[in-house]
*Asks:* 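Below is the structure I would like to discuss, written out as structure tokens.
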Amino acid sequence: MKILVTGGAGFIGSNFIFYELEKHPEDSILCVDCLTYAGNLSTLEPVMEQENFSFVKMDIRDREGIFDLFEKTRPDVVVNFAAESHVDRSIENPQVFLETNIIGTSILMDAAKAYGVKRYHQVSTDEVYGDLPMDRPDLFFYEDTPLHTSSPYSSSKASADLLVMAYHRTYGLPVTISRCSNNYGPYQFPEKLIPLMIANALADKPLPVYGEGLNIRDWLYVQDHCKAIDLILRKGRVGEVYNIGGHNEMRNIDIVKLICDELGKPYDLIRHVEDRKGHDQRYAIDPGKIHKELGWLPDTKFADGIRLTIQWYLDHKDWWENIISGDYQKYYEKMYGEGGIH
Ligand code: NAD
Ligand code: TYD
């Protein structure tokens, strides 16, 4: 099977590429990524020379380029991770979220339709369901929970999901959608909660907690997300949405304190700062459908996953220090210059 993975130089996409190449060495992967600030090509260095892996620097908004690529490479399956993914940035500058997350998705699907791909998989998020109230721990997001978004980011992802379902119904495109809760693990860009707190704590810098820090997120180790997508690609039913989450709800402040404890840093690094605009209160996934239909269950408990993650950031200081200094953005130029499939 020839799998086209978009956004594979980012956090989850890169973990998915490593997972797939290991689990299915008989398949080949073509990674398409335009290397925004969040894409880091050096992350893919360990697989770059592998015969069944190739990389092309391309923007999913480039209709001509994408069609040309499909014409030349004829992928069987498309997995779309490429997105602008940070809520705070979407509040500052929504436009690029609409362009990449909605228009980019439509271009990929047009190409998938034109070249008869066997599966188009859209990597979506639990944020499309909006949030749940803090005082109703009995409530969860199900696949048929109405879309009810809060931020420009989640609105752009929900719009893309609606388009994906429309392409299925109107054109018969064989689609699936997964909606996962918050991921954590290796290679997450240090603007997101967990890696930001680890990097700042290690540098004895303030740890900025929005508001009281009581907001709840449902955390999943990234490899468990990759395992779920792999199962959906191979055994999931076309036209279906699958929620992915491990029933691991945590308050932000408790995560930050846990990171301090693990690193032996004092809580007085914590600073309560102005709250995020429109801040979602609680996310909580019911993963019953993917468990019942595909037998998926997470392998990694949060207590283990967070230790693995902290240890990874301790062992890979170069990776995130390069990001903080901005040096990683010179890597592509240095290694590959402009254009072409590597
Ligand atoms: P990320 O920001 O780490 O990576 C995004 C990648 O997409 C980067 O490599 C970037 O260069 C690339 N990209 C962005 N715009 C592009 C464009 N126009 N053309 C080509 N490439 C482009 O994001 P992530 O955290 O790995 O998230 C991946 C996907 O998973 C996103 O669709 C996101 O909505 C979804 N998701 C993320 C989480 C999470 O907790 N991080 C949870 C659920 C779903
Ligand atoms: P984030 O990692 O941005 O993911 P998302 O907003 O997609 O859930 O943030 C996770 C939670 O942590 C969210 O409630 C906002 C909060 N947060 C902070 O308190 N401080 C920070 O510096 C960041 C980045 C996030």
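Below, all heavy atoms of this structure are taken into account, side chains as well, without hydrogens, waters or symmetry copies. Counting starts at 1 for both ligands and their atoms, following the listed order.
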*Asks:* Just heavy atoms, cut-off under 4.0 Å: does T6 contact ligand 1 by side chain, backbone, both, or neither?
*Replies:*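 No part of T6 comes within reach of ligand 1.
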*Asks:* How far is atom 10 (C) of ligand 1 from its nearest protein heavy atom, and which residue and atom name does that atom have?
*Replies:*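 Protein heavy atom with the smallest distance to atom 10 (C) of ligand 1: T36 OG1, 3.3 Å.
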*Asks:* Among side-chain atoms of N248 and Y184, is any donor-acceptor pair under 3.5 angstrom?
*Replies:*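 No donor-acceptor contact under 3.5 Å links the two side chains.
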*Asks:* Could you check atom 35 (C) of ligand 1 against the protein and tell me its nearest heavy-atom contact, residue, atom and distance included?
*Replies:*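 The closest heavy atom on the protein side is V123 CG1, 4.0 Å.
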*Asks:* Tell me which protein heavy atom sits closest to atom 24 (C) of ligand 2, plus the residue, atom name and distance to 0.1 Å.
*Replies:*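 Closest protein heavy atom to atom 24 (C) of ligand 2: E191 O, 3.2 Å.
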*Asks:* Numbering the atoms of ligand 2 from 1, which are under 4.0 Å from a heavy atom of H86?
*Replies:*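 Close to H86: 3 (O).
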*Asks:* Which ligand 2 atoms, with their elements, are less than 4.0 angstrom from a heavy-atom of K192?
*Replies:*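 Matching atoms, with element in brackets: 2 (O).
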*Asks:* Atom 19 (O) of ligand 2: which protein heavy atom is closest, and how many Å away?
*Replies:*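 Of the protein heavy atoms, Y210 N, 2.9 Å lies nearest.
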*Asks:* If we only count N/O pairs under 3.5 Å, is E127 in contact with ligand 2?
*Replies:*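 Yes; at least one N/O pair falls below 3.5 Å.
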*Asks:* Is there a side chain to side chain contact (heavy atoms under 4.5 Å, CB included) between M48 and L41? Walk through the geometry before answering.
*Replies:* CA-CA 9 Å; M48 205 55 102; L41 194 60; 3.4 Å; yes
*Asks:* Tell me whether D59 has any N or O atom under 3.5 angstrom from an N or O of ligand 1.
*Replies:*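 Between D59 and ligand 1 (N or O atoms, distance only) the closest approach is under 3.5 Å.
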*Asks:* I285 and side-chain contact (heavy atoms from CB on, under 4.5 Å): which single residue from T145, D218, N182 fits?
*Replies:*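 Between I285 and the candidates, side-chain contact (heavy atoms from CB on, under 4.5 Å) is satisfied uniquely by D218.
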*Asks:* So, the side chain of K57 versus the backbone of V32: is there a donor-acceptor pair under 3.5 Å, distance only?
*Replies:*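 Between the backbone of V32 and the side chain of K57 there is no qualifying donor-acceptor contact (under 3.5 Å).
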*Asks:* To check your reading of the model: name the closest protein heavy atom to atom 12 (O) of ligand 2, its residue, and the distance in Å.
*Replies:*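 Sorting protein heavy atoms by distance from atom 12 (O) of ligand 2 puts N252 ND2, 3.4 Å first.
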*Asks:* Where is the tightest heavy-atom contact between V241 and E143, given as atom of each residue plus distance?
*Replies:*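 The answer is O-CG, 3.2 Å.
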*Asks:* May I ask you to check whether over 12 heavy atoms, not counting those of H24, lie within 6.0 Å of atom NE2?
*Replies:*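 Atom NE2 in H24 is packed in, count exceeds 12.
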*Asks:* Kindly check if the number of other-residue, nucleotide or ligand heavy atoms within 6.0 Å of NE2 (H316) is above 12?
*Replies:*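 Result for NE2/H316: enclosed.
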*Asks:* Who's the nearest protein heavy-atom neighbour of atom 5 (C) of ligand 1, and how far?
*Replies:*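 The closest heavy atom on the protein side is A83 O, 3.5 Å.
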*Asks:* Could you tell me whether ligand 1 has any atom less than 4.0 Å away from a heavy atom of S14?
*Replies:*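 No, that is not the case, since the closest heavy atom of the residue is not under 4.0 Å from the ligand.
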*Asks:* Can you pull out the closest protein heavy atom to atom 27 (O) of ligand 1? Residue, atom name and distance to 0.1 Å, please.
*Replies:*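 Here the nearest protein heavy atom works out to I12 CD1, 3.8 Å.
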*Asks:* For ligand 2, which atoms sit closer than 4.0 Å to a heavy atom of V87?
*Replies:*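 Close to V87: 6 (O), 7 (O).
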*Asks:* Is the closest N or O pair between G10 and ligand 1 shorter than 3.5 Å?
*Replies:*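 Such a contact does occur with ligand 1.
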*Asks:* Starting from atom 8 (O) of ligand 2, find the nearest protein heavy-atom neighbour and note its residue, name and distance.
*Replies:*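 Its nearest protein heavy-atom neighbour is R217 NE, 2.7 Å.
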*Asks:* So, Y153 and N101: side-chain donor and acceptor under 3.5 Å apart, yes or no?
*Replies:*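 There is no such pair (donor and acceptor under 3.5 Å, judged by atom type) between the side chains of Y153 and N101.
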*Asks:* Examine the side chains of Y283 and D131 and answer whether a donor and an acceptor come within less than 3.5 Å of each other.
*Replies:*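 No, D131 and Y283 have no side-chain donor paired with an acceptor closer than 3.5 Å.
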*Asks:* Ignoring angles and geometry beyond distance, decide whether N183 reaches within less than 3.5 Å of ligand 1 through its nitrogen or oxygen atoms.
*Replies:*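 In this structure, N183 places an N or O atom under 3.5 Å from an N or O of ligand 1.
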*Asks:* Any side-chain donor paired with an acceptor under 3.5 Å for Y37 and R89?
*Replies:*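 Short answer, yes.
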*Asks:* If you count the atoms of ligand 2 from 1 in the order shown, which ones are under 4.0 Å from a heavy atom of L196?
*Replies:*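 Answer for ligand 2: 22 (O).
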*Asks:* With atoms numbered from 1 as shown, which atoms in ligand 1 lie under 4.0 angstrom from a non-hydrogen atom of S124?
*Replies:*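 With S124 as reference, the close atoms of ligand 1 come out as 43 (C), 44 (C).
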*Asks:* Below the 3.5 angstrom mark, is there an N/O of N40, backbone or side chain, next to an N/O of ligand 1?
*Replies:*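 Among all N and O atoms of N40, none is under 3.5 Å from an N or O of ligand 1.
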*Asks:* Run the ring-centre check on Y187 versus W312 and record whether the distance is less than 6.0 Å.
*Replies:*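 Yes, the ring centres sit under 6.0 Å apart.
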*Asks:* Can F189 and F11 be said to form a ring pair (Phe, Tyr, Trp, His ring centres under 6.0 Å), step by step?
*Replies:* CA-CA 7 Å; F189 196 86; F11 165 47; over 10 Å; no
*Asks:* Any N or O of R276 that comes nearer than 3.5 Å to an N or O of ligand 2?
*Replies:*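 N/O-N/O distance under 3.5 Å: yes.
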*Asks:* Measuring from atom 33 (C) of ligand 1, which candidate in F81, F189, Y153, F11 has the nearest non-hydrogen atom?
*Replies:*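 It is Y153 that holds the nearest heavy atom.
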*Asks:* In the protein, what heavy atom is nearest to atom 42 (C) of ligand 1, and what distance, to one decimal place, separates them?
*Replies:*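 The answer is S181 O, 3.4 Å.
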*Asks:* So I244 and I290, side chain to side chain contact (heavy atoms under 4.5 Å, CB included) or not? Walk me through it.
*Replies:* CA-CA 7 Å; I244 310 170; I290 190 166; 4.2 Å; yes
*Asks:* For ligand 1, is there an atom lying under 4.0 Å from some heavy atom of G8?
*Replies:*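 Per 4.0 Å heavy-atom rule, G8 does not contact ligand 1.
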*Asks:* Taking the six-membered ring for Trp and the single ring otherwise, decide whether the centroids of H247 and F140 are under 6.0 Å apart.
*Replies:*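 Yes, close enough.
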*Asks:* Can you list the steps and then say if L220 with C180 is a side chain to side chain contact (heavy atoms under 4.5 Å, CB included)?
*Replies:* CA-CA 8 Å; L220 185 73; C180 190; 3.7 Å; yes
*Asks:* Please check if any side-chain donor atom of D110 sits under 3.5 Å from a side-chain acceptor atom of Y167, or the reverse.
*Replies:*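 Present: a donor and an acceptor within the cut-off.
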*Asks:* Which residue and atom name correspond to the protein heavy atom nearest atom 13 (C) of ligand 2, and how close is it?
*Replies:*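 Looking only at protein heavy atoms, the one closest to atom 13 (C) of ligand 2 is H279 NE2, 3.5 Å.
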*Asks:* Y115 vs F70 aromatic rings, parallel, tilted or perpendicular, using cut-offs 30° and 60°?
*Replies:*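 The rings of Y115 and F70 sit tilted, inter-plane angle from 30° to 60°.
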*Asks:* For ligand 1, is E99 a contact, meaning one of its heavy atoms is under 4.0 Å away?
*Replies:*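 Flag not set, E99 not near ligand 1.
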*Asks:* Please state which protein non-hydrogen atom is closest to atom 4 (O) of ligand 2 and give its distance, to 0.1 Å?
*Replies:*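 Its nearest protein heavy-atom neighbour is N182 ND2, 3.4 Å.
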*Asks:* I need the nearest protein heavy-atom contact for atom 20 (N) of ligand 2: residue, atom name and distance, please.
*Replies:*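 Protein heavy atom with the smallest distance to atom 20 (N) of ligand 2: P208 O, 2.8 Å.
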*Asks:* What residue and atom, counting heavy atoms only, is the protein's closest point to atom 23 (O) of ligand 1, and at what distance?
*Replies:*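 Protein heavy atom with the smallest distance to atom 23 (O) of ligand 1: S85 OG, 3.3 Å.
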*Asks:* Tell me which protein heavy atom sits closest to atom 32 (O) of ligand 1, plus the residue, atom name and distance to 0.1 Å.
*Replies:*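 For this ligand atom, the closest protein heavy atom is K157 NZ, 2.7 Å.
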*Asks:* Contact between D33 and ligand 1, counting heavy atoms under 4.0 Å?
*Replies:*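 A heavy atom of D33 does come that close to ligand 1.
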*Asks:* Just to check, does G104 reach to within less than 4.0 Å of ligand 1 when the distance is taken from its heavy atoms?
*Replies:*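 For ligand 1, residue contact (heavy atoms, under 4.0 Å) with G104 is absent.
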*Asks:* Would you give the length of the straight line joining atom CG of N322 to atom CG of D327, rounded to the nearest 0.5 angstrom?
*Replies:*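 Rounded to the nearest 0.5 Å, the CG-CG separation comes out at 5.0 Å.
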*Asks:* Show your working on side chain to side chain contact (heavy atoms under 4.5 Å, CB included) between R74 and E71 and close with a plain yes or no.
*Replies:* CA-CA 6 Å; R74 303 284 175 147; E71 170 72 33; 3.5 Å; yes
*Asks:* Identify, for atom 2 (O) of ligand 2, the protein heavy atom at the shortest distance, and state residue, atom and that distance.
*Replies:*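 Of every protein heavy atom, L193 N, 2.9 Å lies nearest to atom 2 (O) of ligand 2.
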*Asks:* Give me the residue, atom name and distance of the protein heavy atom closest to atom 16 (C) of ligand 1.
*Replies:*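 Here the closest protein heavy atom is C34 SG, 3.5 Å.
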